[in-house]
Amino acid sequence: MALEIFDSKTGTLREFRPADPEIVRMYVCGPTVYTDAHIGHARSYVSFDVMRRYLELRGHRVRMVINITDLDDVIDQKAARLGEKPEVLAARYGERFLEDLRTLNVRPSYANPRVSENVPAMIGIIEKLNEEGYVYEVDGNHYFRTTLLGGYGQLTHERPEDLLADEPIMEGRENPFDFLIWKKSKEGMVSWDSSLGAGRPGWHIQCYGIMRGVLGDSIDIHGGGEDLKFPHHESNILISLAHKGKDAIGYHVHNGFMTRGKEKMSKSLGNFVPLRDVFERFGGSVVRFYLLRSHYRETIDYDEDDIEKAQQDLDLILGFEKDLKEVEKDGKPRGFVEEEIARHRKTFMDSMDNDFDTPGAITALLDFAGCAKTSPDDLRTTEARLALGVLSEADSVLGLTGAD
RNA sequence: GCCGAGGUGACAGAGCGGCCAAUGUGACCGCCUGCAGAGCGGUUUUGUGGGGGUUCGACUCCCUCCCUCGGCACCA
C-alpha cells in the first residue's frame, strides 16, 4: 500500500511522491516567540513530527525545518512593555519553545532557523521582486502586488471577492490582498539596510525566504495549522509564483485545531492552555500520545480526562512491551503466533499510510497487546523478538518513549 | 454570506460495499487479596444526525436537509 497524504490545495488524498527520492524536505511554520507555547502549538509540531518519523520508517531521509519567528510587532510591543530588547525576549522564548519540543519527544529538526538569521536571503528575494515590478511603496512601507498573477484563493478555494471582509482594509494599498513585504524601520525595531531603505521583512516573505534559503527550490511538504492557510500560505504561493514561476510545494498539509469547551483556543477568549501547565500534570510522552489518539486533521477539544485515558492506553502498550522483554529473556509462555504479529504490523502500517491515521495505528497496538493476553498459544522467544520488533517500529513513529 | 472539515454506544475512536459496528476507557459481576490497588476472567449500553436514491446487500457510494467546529486579513 502506498502512503497517501491529504493535500489542502487539491482537497484530496494524493499518493506521496517526493520530488527527490533521496531526501524528503519538510517545512513547518513555527511560532512567533513572544510568549510560551500552548497545547495547540504542541499539537501541530507533534503531528508533523509523526509524519517525519513515518517517512523515515519508510526509508526516506527527511530534512525537517521548523522556523522560529523572532521578528514581529507583537514581540516589539511586549519587549517595550517589559523594558527589554526585543531580540533578548525573542531569544528567551525561542529557547523555551525548543525545550518544549524536546519534552514532546519531537525529533531534532534539520534546522530551526530564526528569521533574524536569514534576513539577507529575504532581502535578495525582495529586491528581485521589486526589480520585476511586484513591489510598490506606500509611505515608506513596501507591499507585494498580488493582482499581477491571479490565482489568489488556491488554498482557500474561494474567489478573492468572497474572501473580503465587509470593509476591506486598504491603508493605501492598491488591492486589499496586497501584503506588507518590507516594513520601514522605526524606533525600537530591529532593522536591516536594503535598497528599499532600512526596515525588516514582512511575515509572509519571512517564511518563504527561510524555506528557500534552507531547503532549496523544492519542498515536498509545507505544514502548519489550518489557520495559516489564509492569508499566510496563500501569500506564500503568490510569492513563489512571482519568484520562481511556480508553487514549489508538493503537498500543502494543515493540522486541525485544539478547542476548549468547543471553542477555538485563543488569547482573546482566554481559554488557551499553556503547555507548561499541562507538563506539570502530565509527562511529555503522555501529552504526545493524547494528541495522537486523534487524527491530525480533526479538531481536539481539550479535556484532561482524555489525557488520563491516554495515560492508561499508553501504560497498556508499554506494559505489553515490558512483558515481551521478559518473555524474550526467560521464555515464559505468553503468546500468539507469527501470523498475528504480521497482521497487527500490517494494520499499523496501513493506518499510517492512510494520511497518517494515528488513531488507527494506536488501535492496532492496543489490539496487539490484547490478543497477546488471550491467545492460547505459547509465545516463544523468537516470537517475542518479532513482536518487540513491531513495537519498536511503532515506537519509532509515535515516539511513545524517550521523552519526559 | 462564501469556503473548509466533521456528525458512530457514557467517553475517545476505527471501519473505504457483504466477514464484528473493531479497539481502549468507563460501568457491572467474579477470581485473586488481611483490606485496597494492580492483575486475570467475564458481562454491559434501543450506538452509525434525518430523509431519499444506487445496490442482491450501505456505516461505507450519490443527492438533499439538519446540526457542530474552523477560516474570511494577529493566530499552530
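Every value quoted in this text rests on a predicted model; they were computed, and no experiment measured them. Lettering of chains follows the sequences in order, A, B, ..., and the numbering in each one begins at 1.
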- prompt: Mapping A/His232 and A/Thr156 to their closest nucleotides on RNA chain B, which lands nearer the 5' end?
  reply: A/Thr156
task: Ignoring backbone atoms, test whether A/Lys264 places a side-chain nitrogen or oxygen under 4.0 Å from the OP1 or OP2 oxygen of B/G71.
output: yes
query: So which of residues 35-50 of chain A are in contact with RNA chain B, with a heavy-atom cut-off of under 4.0 Å?
result: A/His38, A/Gly40, A/His41, A/Ser44, A/Tyr45
- prompt: Between B/U54 and B/C61, how far is it from one C1' atom to the other, in whole Å?
  reply: 8 Å
field: Inter-nucleotide C1' distance (B/C3, B/U8), Å rounded
entry: 26 Å
- request: Tell whether A/Glu158 reaches the base of B/G71 with its side chain through a donor-acceptor pair below 3.5 angstrom.
  value: yes
- request: Determine the interatomic distance between C1' on B/U45 and the same-named atom on B/G4; round to the nearest Å.
  value: 35 Å
- request: For the pair A/Glu56 (side chain) and A/Arg61 (backbone), establish whether a donor and an acceptor sit closer than 3.5 Å, ignoring hydrogens and angles.
  value: no
query: In terms of side-chain heavy atoms, does A/Asn175 have a donor or acceptor partner in A/Thr147 at a distance below 3.5 Å?
result: no
- prompt: Out of B/G13, B/C69, B/A76, which has the shortest distance to the side chain of A/Pro359?
  reply: B/G13
- line: Only residue of A/Lys85, A/Arg200, A/Arg81, A/Lys186 satisfying salt bridge (Lys or Arg N to Asp or Glu O under 4.0 Å) with A/Asp76 is A/Arg200
query: Taking the inter-plane angle between the rings of A/His233 and A/His222 on a 0 to 90° scale, is it parallel (under 30°), tilted (30 to 60°) or perpendicular (over 60°)?
result: tilted
query: A/Asp100 CG to B/A76 C1': how many Å, rounded?
result: 13 Å
message: Can you tell me how the ring of A/His41 sits relative to the ring of A/His38, calling it parallel under 30°, perpendicular over 60° and tilted otherwise?
response: tilted
- prompt: If you measure from CG on A/Leu275 to CZ on A/Phe97, what distance do you get to the nearest 0.5 Å?
  reply: 9.5 Å
field: Over all atoms of both residues, closest heavy-atom pair of A/Cys207 and A/Tyr27
entry: SG-OH, 3.5 Å
- prompt: Can you check the A/Tyr296 OH to B/G13 P distance for me, whole Å?
  reply: 16 Å
task: Look at the side-chain N and O atoms of A/Ser294 and state whether any lies under 4.0 Å from the OP1 or OP2 oxygen of B/G13.
output: yes
query: Between A/Phe6 and A/His254, does the ring centroid distance fall short of 6.0 Å?
result: no
message: Just N and O in the side chain of A/Arg159: are any of them under 4.0 Å from OP1 or OP2 of B/C3?
response: no
task: Not counting sequence neighbours, which residues clear side chain to side chain contact (heavy atoms under 4.5 Å, CB included) with A/Leu180? List them please.
output: A/Asn141, A/Tyr143, A/Lys183
message: Mind checking if A/Phe257 touches a base, just sugar-phosphate, or nothing, with heavy atoms under 4.0 Å?
response: base
- request: Assign A/Glu226 to base, sugar-phosphate, or nothing according to its heavy-atom contacts below 4.0 angstrom with the strands shown.
  value: sugar-phosphate
message: Closest approach to the side chain of A/Asp227, judged atom by atom: which nucleotide of B/A76, B/C72, B/U23 is it?
response: B/A76
- prompt: Given the P atoms of B/U44 and B/U23, what is the spacing between them in whole Å?
  reply: 13 Å
- request: Using the C1' atom on both, measure B/G9 against B/A21 and round to a whole Å.
  value: 10 Å
query: Any side-chain N or O of A/Gln312 under 4.0 Å from OP1/OP2 of B/G26?
result: yes
Nearest-angstrom distance from the residue atom CG of A/Asp357 to C1' of B/U23: 13 Å
- prompt: Which range-with-range stems can be found for RNA chain B when each stem has 3 or more Watson-Crick or G-U pairs in a row and both distances sit under 3.5 Å?
  reply: B:1-7 with B:66-72, B:10-12 with B:23-25, B:26-31 with B:39-44, B:49-53 with B:61-65
message: Using side-chain heavy atoms (C-beta onward) and a distance below 4.5 Å, is A/Met64 in contact with A/Phe48?
response: yes
message: I'd like the P distance from B/C65 over to B/U46, given in whole Å.
response: 33 Å
- prompt: What is the distance from atom CG of A/Leu163 to atom CZ of A/Phe177, rounded to the nearest 0.5 Å?
  reply: 5.0 Å
query: When you compare B/G26 with B/U68, how far apart are their P atoms, in angstrom units rounded to a whole number?
result: 32 Å
task: Report which part of the nucleic acid A/Glu263 touches: base, sugar-phosphate, or nothing (heavy-atom distance under 4.0 Å, all strands).
output: sugar-phosphate
query: Under 4.0 Å between a side-chain N or O of A/Asn354 and OP1 or OP2 of B/A14?
result: no
field: Minimum-distance nucleotide (side-chain atoms of A/Phe230 versus B/C72, B/U25, B/A5)
entry: B/C72
query: In whole Å, what separates the C1' atom of B/C72 from that of B/U48?
result: 33 Å
message: Please report the distance, rounded to the nearest Å, between CG in A/Asp303 and C1' in B/C69.
response: 16 Å
- prompt: Start at the 5' end of RNA chain B and walk down; is the nucleotide closest to A/Gly256 or to A/His295 reached first?
  reply: A/His295
query: Taking the six-membered ring where the residue is Trp, are the ring centres of A/Tyr251 and A/Phe16 under 6.0 Å apart?
result: yes
- prompt: In whole Å, what is the span from the CD atom of A/Glu308 to the C1' atom of B/G26?
  reply: 13 Å
- prompt: If you check the A/Thr32 side chain, which of B/C3, B/A76, B/G6 turns out closest?
  reply: B/A76
task: For A/Phe368 and B/U23, give me the distance from atom CZ to atom P, rounded to whole Å.
output: 16 Å
task: Could you state the atom-to-atom distance from CG of A/Leu365 to P of B/A12 in whole Å?
output: 21 Å
- prompt: If you look at every strand shown and take non-hydrogen atoms under 4.0 Å, does A/Asp306 touch a base, only sugar-phosphate, or nothing?
  reply: sugar-phosphate
- prompt: Between A/Leu314 (CG) and B/A12 (P), how many Å, whole number?
  reply: 20 Å
task: Select one nucleotide: of B/A76, B/C2, B/A5, the one nearest the side-chain heavy atoms of A/Asp162.
output: B/C2
